[in-house]
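To start, the structure itself, in structure tokens.
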Protein chains: 2
Amino acid sequence: MTDDIQPHHIADDTLAGLVGYRLRRASNAIQGDLSETLKPFELRMITFTALVLIRDNAGLSQSRLAAAMDVERPNLVVIVDELENRDLITRERVPTDRRTYALNTTPAGETLCAEALEAVKAHEVRMLAGVEDGTQAVLVAALARIIGNRRGGDE
Amino acid sequence: MTDDIQPHHIADDTLAGLVGYRLRRASNAIQGDLSETLKPFELRMITFTALVLIRDNAGLSQSRLAAAMDVERPNLVVIVDELENRDLITRERVPTDRRTYALNTTPAGETLCAEALEAVKAHEVRMLAGVEDGTQAVLVAALARIIGNRRGGDE
DNA sequence: TATTGTTATACTCTATAACTATA
DNA sequence: TATAGTTATAGAGTATAACAATA
């Protein structure tokens, strides 16, 4: 094949000079691998996130979970439905405020959560191979700054 | 308001311990700000990316652009349509291979591209405020590693 | 037979309006 | 009246199959 005129890899120096561009590509790389990692557990990234947050915040309401996940309430319904239908979480009326549901993990949900978390930790080790611990700390600190710089960062 | 029982911010320590979680949040923060930055130019992130790559790779074909952008060919058609309809790029038949189109920026396209790039650079400075130059270099190097660690990284 | 660009289509994700039941 | 959860729906973004023109 003749790639003398048209090189295989096109010039993307302009974009590569943007931190945001590299950040998105790194994030996509991790998300892709994470999706594969969660497949054996029949979890998507978003259902995994919800499961972990419910486990770590017993009795959480859907509204507060939606706010924490930055997901619109209507969209959270199907996520919670999915976890409940698989008996990974329970949805119980709160006696003091019968509008809200208290979300809690079932024993099966806790087991699956723990197993998935182990797999995710292995996935992180895989994706961060070659990045030293000290560098990872610098990376995390820099990311925290960037997150804090978002429009209306603190409010 | 009584937040004695239910704190405002729920515990997300488990997820915060994952680099991928922070990476995605930082990426989302930048993407959100970038979308706002590009609005005055009536560009979306994906049309901006295409415009820059066409400018930097004169005569590019749609297939190669799609491959570079990691976009399916059918989805690129509408992106190229949009840029062509706005007279930012031209789409001309290649005489040596009449199947392919050669993509090139128009003068208007180059002007808009340069102006948008200036705005994007200002956006980057804004989003990276508080992250020192040395730290940025470490960040970029770490991101390059992560991107390289993606499944079938080099092939 | 393979490739470029295209159309049509479907599936996921996300966003908004409007409803119900409770407060 | 305001809030929690829900339904229906609409809009992005993305993925696949199949086609016409060309190689």
Side-chain angles (χ1 to χ4, degrees), chain A residues 1-3 5-6 8 10 24 27-28 31-32 34-36 38-39 42-50 54 57 59-85 89-103, chain B residues 1-3 5-6 8 10 24-25 27-28 31-32 34-36 38-39 42-50 54 59-85 89-103:
Chain A
M1 64 182 76
T2 58
D3 49 8
I5 304 154
Q6 292 279 37
H8 265 105
I10 74 171
R24 186 169 59 84
S27 178
N28 284 348
Q31 281 189 225
L34 180 57
S35 293
E36 289 303 312
L38 292 173
K39 242 173 208 165
E42 291 179 87
L43 288 170
R44 291 170 294 143
M45 253 177 37
I46 204 161
T47 51
F48 169 71
T49 302
I54 292 167
N57 297 272
L60 197 61
S61 74
Q62 290 186 198
S63 287
R64 280 165 44 74
L65 177 57
M69 292 177 63
D70 237 310
V71 163
E72 295 302 318
R73 265 75 79 210
N75 297 329
L76 188 69
V77 173
V78 293
I79 296 165
V80 168
D81 280 347
E82 188 176 324
L83 293 174
E84 192 191 24
N85 289 338
I89 64 165
T90 57
R91 199 158 25 175
E92 284 170 16
R93 286 279 185 205
V94 174
T96 56
D97 184 344
R98 289 182 43 73
R99 290 173 302 182
T100 84
Y101 284 109
L103 304 176
Chain B
M1 60 180 80
T2 59
D3 49 8
I5 305 154
Q6 293 279 39
H8 265 105
I10 74 172
R24 187 170 57 84
R25 297 230 301 158
S27 179
N28 284 348
Q31 281 189 226
L34 180 57
S35 293
E36 289 302 313
L38 292 174
K39 242 173 208 163
E42 291 179 85
L43 289 170
R44 291 171 294 142
M45 253 177 38
I46 204 160
T47 51
F48 169 70
T49 302
I54 294 168
L60 196 60
S61 75
Q62 290 185 197
S63 287
R64 280 166 43 73
L65 178 56
M69 291 178 63
D70 236 312
V71 162
E72 295 302 320
R73 264 74 79 211
N75 297 328
L76 188 70
V77 173
V78 293
I79 295 165
V80 169
D81 279 348
E82 189 176 323
L83 292 174
E84 192 191 23
N85 289 337
I89 65 165
T90 57
R91 197 153 33 169
E92 285 171 16
R93 286 277 184 206
V94 174
T96 57
D97 184 344
R98 287 182 43 74
R99 291 174 301 181
T100 82
Y101 284 109
L103 304 176

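Because the structure is a prediction, the values reported are computed rather than measured.
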(request) Grab the CG-C1' distance between Asn28(A) and dA15(D) for me, whole Å please. (result) 16 Å
(message) Would you say that Tyr101(B) contacts Glu92(B) through its side chain, given a criterion of any heavy-atom pair below 4.5 Å between the two side chains?
(response) no
(request) Give the rounded distance in Å between these two atoms: CZ of Arg64(A) and P of dA4(D). (result) 10 Å
(message) What's Ile46(A) touching, base or sugar-phosphate or nothing? Going by heavy atoms closer than 4.0 Å.
(response) sugar-phosphate
(message) Rounded to whole Å, please give me the gap between CD1 in Ile89(A) and P in dG5(D).
(response) 11 Å
(request) Identify the two heavy atoms, one from Glu82(B) and one from Glu42(B), that lie closest to each other, and give their separation to 0.1 Å. (result) OE2-O, 4.5 Å
(message) Can you measure Ile79(B) atom CD1 to dG5(C) atom C1' for me and round it to whole angstrom units?
(response) 14 Å
(request) Give, for atom CG of Asp70(A) and atom CG of Leu76(A), the distance between the pair rounded to the nearest 0.5 Å. (result) 12.0 Å
(message) Counting only side-chain nitrogens and oxygens, does Arg44(A) get under 4.0 Å of the OP1 or OP2 atom of dT12(C)?
(response) no
(message) At under 4.0 Å between heavy atoms, how does the protein contact nucleotides 16-23 of chain C? Give one character per nucleotide, 5' to 3', with B, S or -.
(response) BB----BS
(message) Let me test you: for the helix from dT1(C)-dA23(D) to dA23(C)-dT1(D), what is the angle between the axes at its two ends (five pairs each), rounded to 10 degrees?
(response) 10°
(message) With a 4.0 Å cutoff (strictly under), does any side-chain N or O of Ser63(B) reach OP1 or OP2 of dT3(C)?
(response) no
(message) Using 0.5 Å steps for rounding, measure from the CG atom of Leu34(A) to the CG atom of Asn28(A).
(response) 12.0 Å
(message) I need the CD-P distance between Gln31(A) and dT12(C), as an integer number of Å.
(response) 17 Å
(message) Let me confirm one number: the CG-CD1 distance from Asp81(A) to Ile89(A), rounded to the nearest 0.5 Å.
(response) 8.5 Å
(message) Using side-chain heavy atoms (C-beta onward) and a distance below 4.5 Å, is Arg91(A) in contact with Leu103(A)?
(response) yes
(request) Using atom types as modelled and distance alone, determine if a side-chain donor or acceptor of Arg93(A) lies under 3.5 Å from a backbone N or O of Arg98(A). (result) yes
(message) With a 4.0 Å limit, can you tell me whether Gln62(B) has a side-chain N or O closer than that to the phosphate oxygens OP1/OP2 of dT6(C)?
(response) yes
(message) Using 0.5 Å steps for rounding, measure from the CG atom of Leu65(A) to the CD1 atom of Ile10(B).
(response) 6.0 Å
(message) Testing the basics here: between Val77(A) and Gln62(A), what is the closest heavy-atom pair and its distance to 0.1 Å?
(response) CG2-NE2, 4.3 Å
(request) Starting at atom CG of Leu65(B), determine the distance to atom C1' of dG5(C), rounded to an integer number of angstrom. (result) 13 Å
(message) Expressed as a whole number of angstroms, how long is the span from Tyr101(A):OH to dT3(D):C1'?
(response) 15 Å
(message) How many whole angstroms separate atom CG of Leu76(B) from atom P of dT16(D)?
(response) 16 Å
